[in-house]
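Beneath this line is the structure, given in C-alpha cells, with notes to follow.
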Amino acid sequence: MTETSRYDRQMRLPMIGQAGQDRLRAGRVAVLGCGALGTVAADILARAGVGYLRVIDRDVVEWSNLQRQSLFLEADAAAGRAKAEVACQRLEGANSTIRVEPVVADVTVDTIAAILDGIDLVIDAADNFAIRFLLNDYSLRHRIPWVHGGCVGTSGQVMFFDGRGKPCFRCLVPSMPPPSAIATCDTAGVLGSATHAIASLQATEAIKWLAGHPEAVRRRVWSIDFWGNRNREIEIPAALWESCPACAKGELSFLDGAADGGDAEAKVLCGRRAVQLPPPTVAAPLEVLAKRWADLGVVDASRFFVRLRLEDEVSITVFRDGRAVVEGTDEIAKAKSLHSRYVGG
Ligand SMILES: [Zn+2]
C-alpha cells in the first residue's frame, strides 16, 4: 500500500494534490472532546492523513453515547472504557500511518497549556462553554486556530477562528451564559445525523486550513437547522469585535484566572446521576487504590483509571490526573463522603 493509493481520491482534487497531502501529514491537531462531534471529526481527519491527532476527553463510554458517537461499540459502553483510549485504538485501526495520542484529562486553566502543547489547530468538540472560553483565550494568546462546532436538538453551528481575533468566540458570546440558559444534549436531545453533519463541516474547514488554503476557509458563522430546513450565514458585525473584551481589549480573563471557568470544583454531571470531584492535594497512585479496593467490590483497572463498583449501582472512578467521578448519586455531599471513605486525601 502506497500513500498515493491510500489518498488517491483526495490527492486527485486539484486543491490538495501532493503538496496538500504533504501539508496534511505535517499537521498536528487536537480534538478537544471525544463525543458526537469529536469522534466524527477525528475519524475524518485520521482517514485524510493528518499526521498527528491528540484526542482529549475526561469521560468514559456510556450506552447513551452509541446513538451518535460512531467510534464506540456496545462492548466499550459495557466495560465503561475511557473514550479517548477507545477512540485512538479505532483511529489507529483506520490509519496506522499517522500518530494518535489519547489524553484522559479535564481541560482547565491549569492543564490547557500541557494539553495543547505543540498543536497547530484545535477542533472544538467540547460539551460546555467553560472550555470554549478558555480555548478562545488560549488561541488568542498563542495564535492557534480552532474550529468551533456546537449541536443541540436538530440544529448546529460552525465557525472558524484563526487565533488572531476580530472576530473571536467572545465577539459572539461576550460572557458565560447562565446554566439555565443553555440547552444541552442531555436535556434537549440531539439528532445523530445533525452532529455528524456539523462535525464533517468542522473537519472540512480544518482540512482547508491545514492543506494550505486559508483563502477557502469560511469566515462567517454558519448555522443550520437540519429539521426545519433553514440555514443562515452570519457575519459578525464590526461593532461587536470592536468592543470585544478578549480580542479588542486583550482581556484573557478565563486564561488569566480572573473569570471562573467553573471547572475546578465538585459538580453534578448533567443528565448522568454522577458527581465529578477535583483532584485531592495528594493523590494516591491508581495501582495503590486498586490494591486497597480489592476486597471491597468489583475493581476495573486500565492505563487511564481505576474504578470501584459498590452495591446499589454506586461506583467511584479515579482518573490518572486525580479527578474522581462518583456515579449513582447526584448529591455532592454524598459523593464527597464516599470519596473520602474510599479514596482519602
Ligand atoms: Zn473577540
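Whatever order the structure lists them in is the order used to number ligands and atoms, beginning at 1.
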Neighbouring protein N, O or S atoms of the Zn ion (ligand 1) [cut-off: under 2.8 Å, no waters]:
Cys168 SG, Cys171 SG, Cys244 SG, Cys247 SG
Any side-chain heavy-atom pair from Leu45 and Ile123 closer than 4.5 angstrom?
yes
Is Glu235 paired with Arg218 through a side-chain N to carboxylate O contact shorter than 4.0 Å?
no
Does any part of the side chain of Arg99, heavy atoms only, come nearer than 4.5 Å to the side chain of Arg28, both counted from C-beta?
yes
Can you tell me if CD on Glu215 sees more than 12 non-hydrogen neighbours from other groups inside 6.0 Å?
yes
Please examine the side chains of Met11 and Gln18, heavy atoms only from C-beta on, and report whether any two atoms are closer than 4.5 Å.
yes
Heavy atoms of Trp241 and Cys247 approach each other most closely as O-SG, 4.4 Å
